[in-house]
Amino acid sequence: MTHVDNEWDVEQQRIAEVRKVIEAKKNQLLRSADSLKGDIIDLRKKFWDDVTVNFDEVDDAVETYASIKQQSELLSERERSHGQYYRSKKLLDRMEDSPYFGRIDFTEDGVAKEAIYIGISSLMNKAEDHFLVYDWRAPVSSMYYDFEPGSAYYETPEGTIEGAIDLKRQFVTENGMLKGMFNTGITIGDSLLQKVLGDQASSQMKSIVATIQKEQNAIIRNESSQLLLVQGVAGSGKTSAAMQRVAYLLYRYRKQMNADQILLFSPNQMFSSYVASVLPELGEEPMQQSTFQEYVSKRLDDEFDLQTPFEQLESSLAAKGSGEESHEKEAVDFKSSASFKMMIDNYLKQLSTHGMRFRNVKFRGEVRIPAERIEEFFYQLDSAMSMANKVDLVKDWLFNQLKHVEREERAKDWPEEEAALLSKEDYLKAFQKLEQNHNFNEETFNDFEKEEKLLKKIIVRRRMASLRKKIANYKFIQMEKVYEGLFNESFPQVKMQPKSWSQISQHTIQNVQKRYLPVEDQTPYLYLQDQLEGRKVNTSIRYVFMDEAQDYSVFQYLYIKEMFPSAQFTLLGDKHQAIYTHNLGGMTILDKQVHNGEAKKMELSRSYRSTRPIVEFTKHLLVDGASIEAFNRDGHLPRLWKVTELEEVKERIIEVIQDRQREGHETIAILCYTLEESKQAYQLVGKQLSATLIYKETQPFQSGVLILPVYFAKGIEFDSVLVYNATRQGYQDDEGRLMLYTACTRAMHELDVLYNEKENSILSEIPKGLYI
């Protein structure tokens with residue numbers, strides 16, 4: 001038996017022994033979970049048996065509330081523990097299949113050599129006195145990602161531990177059987193990466209802990225940067241690194257922080273569903289996820305018809321080349337900038353002395369507190385006071401004024417008329433409520449005048465409830481008119497405004513009056529509203545992640561930053577995929593100069609998603625693509641298909657897609673320039689290919705043949721991609737390059753491109769040896 005064979009047998013034997021420990025821990029966990037489940041069922045059955053209910057006196061009511069709260073918290077704690085047992089069991093199931101993926105033999109200075117095995121979670125022996133497997137996030141595990149055999153060190157809370165790595169080894173294990181074993185150097189070996197990257201794409205993003213590269217590890221374990229910028233080329237693993245970074249932070253600060261204190265802003269809901277499984281795979285609770293548009297919609301949907309970023313982009317792409325887009329583009333650029341935010345800040349200073357707009361406070365169709373009177377009260381207040389404080393004082397004053405209105409209304413005839421129409425049930429409920437609130441005197445129950453007075457009070461208060469709610473929600477401010485004031489000639493012009501400001505202002509006022517807000521107006525409107533209403537910030541969020549960060553405007557970023565003042569930010573994206581309307585000249589929030597140098601920037605220039613032939617092809621679509629490195633994974637050259645007639649397009653698409661299906665590819669995308677083009681493609685081949693048309697961003701990611709616009713596919717990968725028409729006019733300028741690059745870089749294994757005329761197109765710049 002050779003030395004290698006002996007090593008293999010030793011490692012296989014160790015895997016078998018570790019699996020026995022895992023099996024024992026699973027059985028112990030199941031026994032505990034069963035016992036806990038019994039406790040939960042028993043608690044639910046007997047919940048009210050252990051609660052003393054008594055509302056007769058205030059002290060009794062307080063005691064009753066405390067008793068219910070105690071029982072409820074006990075039940076919640078048991079249910080949380082049961083959920084944790086379930087997650088731990090799933091983690092052990094995964095470890096039973098593959099207990100660990102790496103090993104380093106480390107000799108600490110002055111200490112005996114130790115073989116350190118690294119997996120997705122820690123595992124101790126039966127006696128709980130020795131680690132059989134170290135969690136990949138443990139300090140000692142960082143050496144596996146950062147060092148080759150030789151001198152090495154790792155940081156602990158107590159200080160730096162120095163020593164030497166004598167061996168670095170990787171494993172591929174399936175169903176407890178060793179399938180591959182590689183001794184390797186500084187990077188995670190190509191053999192393991194080849195296997196992982198050669199797999200088919202799925203509808204869920206996978207964990208990459210076994211293949212984290214050194215540059216990704218630096219992103220994952222960064223703790224010092226208040227603002228971390230990650231510029232990563234397509235397929236460089238930036239999103240995967242972000243997910244592992246979340247898992248690392250939850251491990252590192254597990255006693256001080258939970259998943260609810262981490263927020264990910266996703267580019268769209270399809271992307272959210274795509275990454276949702278990564279943290280649970282690692283035994284962690286999922287963090288909060290939202291799109292910025294979801295947040296905006298919750299705030300403004302009831303008041304305005306809101307344009308979505310995808311509708312904005314679709315409109316911009318459709319208008320391209322028509323000569324109509326220049327005025328709109330200028331408006332989008334300015335309203336998305338820090339300059340416009342500065343202009344609003346100047347406007348707020350003006351509003352402290354004049355220009356605020358208020359609504360008449362009406363009750364039953366009659367003006368009870370005129371807008372002029374509210375304005376007069378507002379401007380009597382100290383101008384040095386913050387706008388939000390002044391508005392709050394106005395709100396308090398209005399509530400006081402409503403008390404006078406209420407007393408006046410109770411003296412009128414209409415409450416008595418409504419009281420006569422009360423149903424018997426409403427009548428009894430009203431008096432029960434009075435009894436509970438100790439407002440009813442039994443001795444005077446038959447006193448008609450008092451009875452009538454009490455009923456009038458209830459009826460008037462009930463009718464005024466909606467008015468009170470509106471005042472509580474600051475509806476006494478005419479926010480739309482205040483926003484319009486920004487674009488009024490009375491507000492002084494400033495140097496920062498674009499040349500066509502007059503036309504932009506007129507168009508904006510028309511939109512607001514029609515109750516329509518384009519994307520570029522939504523964040524400024526919310527910012528102005530928040531400055532007036534003093535909306536509370538969220539200080540509980542500790543970390544904010546913004547994926548596809550190049551798609552956020554500077555104004556949006558500054559607004560989000562103010563929303564979460566206690567958070568550290570991680571922004572991840574690719575300037576080469578900056579295809580949204582506000583991105584002009586490649587300037588995005590990933591650029592360090594946007595942040596006045598107060599940021600740490602990391603770059604990922606190596607692409608792992610696509611095969612080497614696809615990466616070499618796509619890098620030539622960019623003016624500055626030479627710096628992109630391809631991982632050495634072989635594959636077929638991209639194929640360019642010339643088609644001129646519609647029937648030829650149909651035949652070619654069906655032929656290509658069916659070929660890819662026969663090759664075993666499960667996720668296949670037909671990517672189009674716009675949604676309109678996607679619909680045309682679906683009409684052409686959708687039924688024959690049993691394809692799914694992705695026409696809105698709320699649709700979940702799924703396997704099969706998908707037809708969708710390029711902008712819906714951002715952040716997602718497919719086994720095979722077919723670009724519908726790569727030589728259409730929209731792809732032929734600088735912004736079009738980024739669109740085409742984004743489309744082609746979605747492909748993991750196969751890339752097919754349809755075109756009708758290659759000459760004078762971007763495709764003509766690609767060296768002929770890079771495609772068929």
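Side chains included, hydrogens not; waters and symmetry mates left out as well; all remaining heavy atoms used. For reference, positions follow the sequence shown, starting with 1.
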What distance do [X] atom [atom1] and [Y] atom [atom2] have between them, rounded to the nearest 0.5 Å?
| X | Y | atom1 | atom2 | result |
| --- | --- | --- | --- | --- |
| Ser607 | Asp574 | OG | CG | 9.5 Å |
| Leu571 | Asp591 | CG | CG | 11.5 Å |
| Arg746 | Asp719 | CZ | CG | 14.0 Å |
| Thr745 | Lys714 | OG1 | NZ | 9.0 Å |
| Leu684 | Glu677 | CG | CD | 11.0 Å |
| Ser121 | Asp135 | OG | CG | 5.0 Å |

A side-chain contact here means heavy atoms from C-beta on lying under 4.5 Å apart; do [X] and [Y] qualify?
| X | Y | answer |
| --- | --- | --- |
| Glu655 | Glu651 | no |
| Ile707 | Val685 | yes |
| Ile668 | Leu689 | no |
| Lys642 | Tyr755 | yes |
| Leu229 | His595 | yes |
| Pro613 | Pro638 | yes |
| Phe569 | Tyr557 | yes |
| Tyr100 | Ile15 | yes |

Strictly distance-based, threshold 3.5 Å: is any side-chain N or O of [X] a donor or acceptor partner for the main-chain N or O of [Y]?
| X | Y | answer |
| --- | --- | --- |
| Lys238 | Val233 | yes |
| Lys679 | Leu693 | no |
| Gln231 | Lys575 | yes |
| Arg169 | Met181 | no |
| Glu148 | Ile165 | no |
| Thr674 | Glu314 | no |
| Thr570 | Leu228 | no |
| Thr618 | Val615 | yes |
| Lys600 | Ser225 | no |

Query - Criterion side chain to side chain contact (heavy atoms under 4.5 Å, CB included) on Phe101 and Gln170, from CA distance to verdict - result: CA-CA 6 Å; Phe101 52 78; Gln170 295 168 285; over 6 Å; no
[X] to [Y] - nearest heavy-atom pair and separation:
| X | Y | result |
| --- | --- | --- |
| His576 | Leu738 | O-CD2, 3.1 Å |
| Ala743 | Leu671 | O-CD1, 3.4 Å |
| Ser720 | Asp752 | OG-OD2, 4.4 Å |
| Cys744 | Leu621 | SG-CD1, 4.0 Å |
| Leu706 | Phe718 | CD1-CE2, 4.0 Å |
| Gln312 | Val519 | NE2-CB, 3.6 Å |

Check: [X]/[Y] side-chain N/O donor and acceptor closer than 3.5 Å:
| X | Y | answer |
| --- | --- | --- |
| Ser142 | Arg221 | no |
| Tyr145 | Gln216 | no |
| Glu666 | Ser703 | no |
| Glu648 | Thr644 | yes |
| Gln661 | Glu663 | no |
| Glu765 | His620 | no |
| Ser336 | Glu520 | no |

Report task. Apply the test side chain to side chain contact (heavy atoms under 4.5 Å, CB included) to residues Tyr771 and Arg639: give CA-CA distance (whole Å), side-chain angles for both, the deciding distance (0.1 Å), then the verdict. Result -> CA-CA 6 Å; Tyr771 60 86; Arg639 290 163 292 273; over 6 Å; no
Query raised in the report: Does Asn760 CG have over 12 foreign heavy atoms under 6.0 Å away?
Result: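 No, not enclosed.
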Query raised in the report: If you count the non-hydrogen atoms of other residues, nucleotides and ligands that lie under 6.0 Å from CD in Gln688, is the total more than 12?
Result: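 Yes, CD of Gln688 has more than 12 neighbouring heavy atoms, counting only those of other groups under 6.0 Å.
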Requested in this report: Would you please test Phe310 and Leu675 for side chain to side chain contact (heavy atoms under 4.5 Å, CB included) and show each step?
Outcome: CA-CA 9 Å; Phe310 302 111; Leu675 180 57; over 6 Å; no
Requested in this report: Show your working on salt bridge (Lys or Arg N to Asp or Glu O under 4.0 Å) between Arg606 and Glu215 and close with a plain yes or no.
Outcome: CA-CA 10 Å; Arg606 198 177 193 198; Glu215 65 273 19; 5.9 Å; no
Requested in this report: For a salt bridge (charged side-chain N to carboxylate O under 4.0 Å, His left out) with Glu284, tell me which candidate from Lys90, Arg245, Arg137 qualifies.
Outcome: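 Between Glu284 and the candidates, salt bridge (charged side-chain N to carboxylate O under 4.0 Å, His left out) is satisfied uniquely by Arg137.
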Report task. Run the ring-centre check on Tyr673 versus Tyr724 and record whether the distance is less than 6.0 Å. Result ->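 Between Tyr673 and Tyr724, the centre distance exceeds or equals 6.0 Å.
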Query - Sidechain N-carboxylate O distance under 4.0 Å for Arg94, Asp97 - result: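 A salt bridge is absent here (no side-chain N lies under 4.0 Å from a carboxylate O).
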Requested in this report: Applying side-chain hydrogen bond (donor to acceptor under 3.5 Å, both in side chains), run through Glu757 and Thr727 and close with a yes or a no.
Outcome: CA-CA 6 Å; Glu757 186 53 60; Thr727 53; over 6 Å; no
Query - From CA spacing to verdict: side chain to side chain contact (heavy atoms under 4.5 Å, CB included), Met287, Leu263 - result: CA-CA 6 Å; Met287 67 198 151; Leu263 173 63; over 6 Å; no
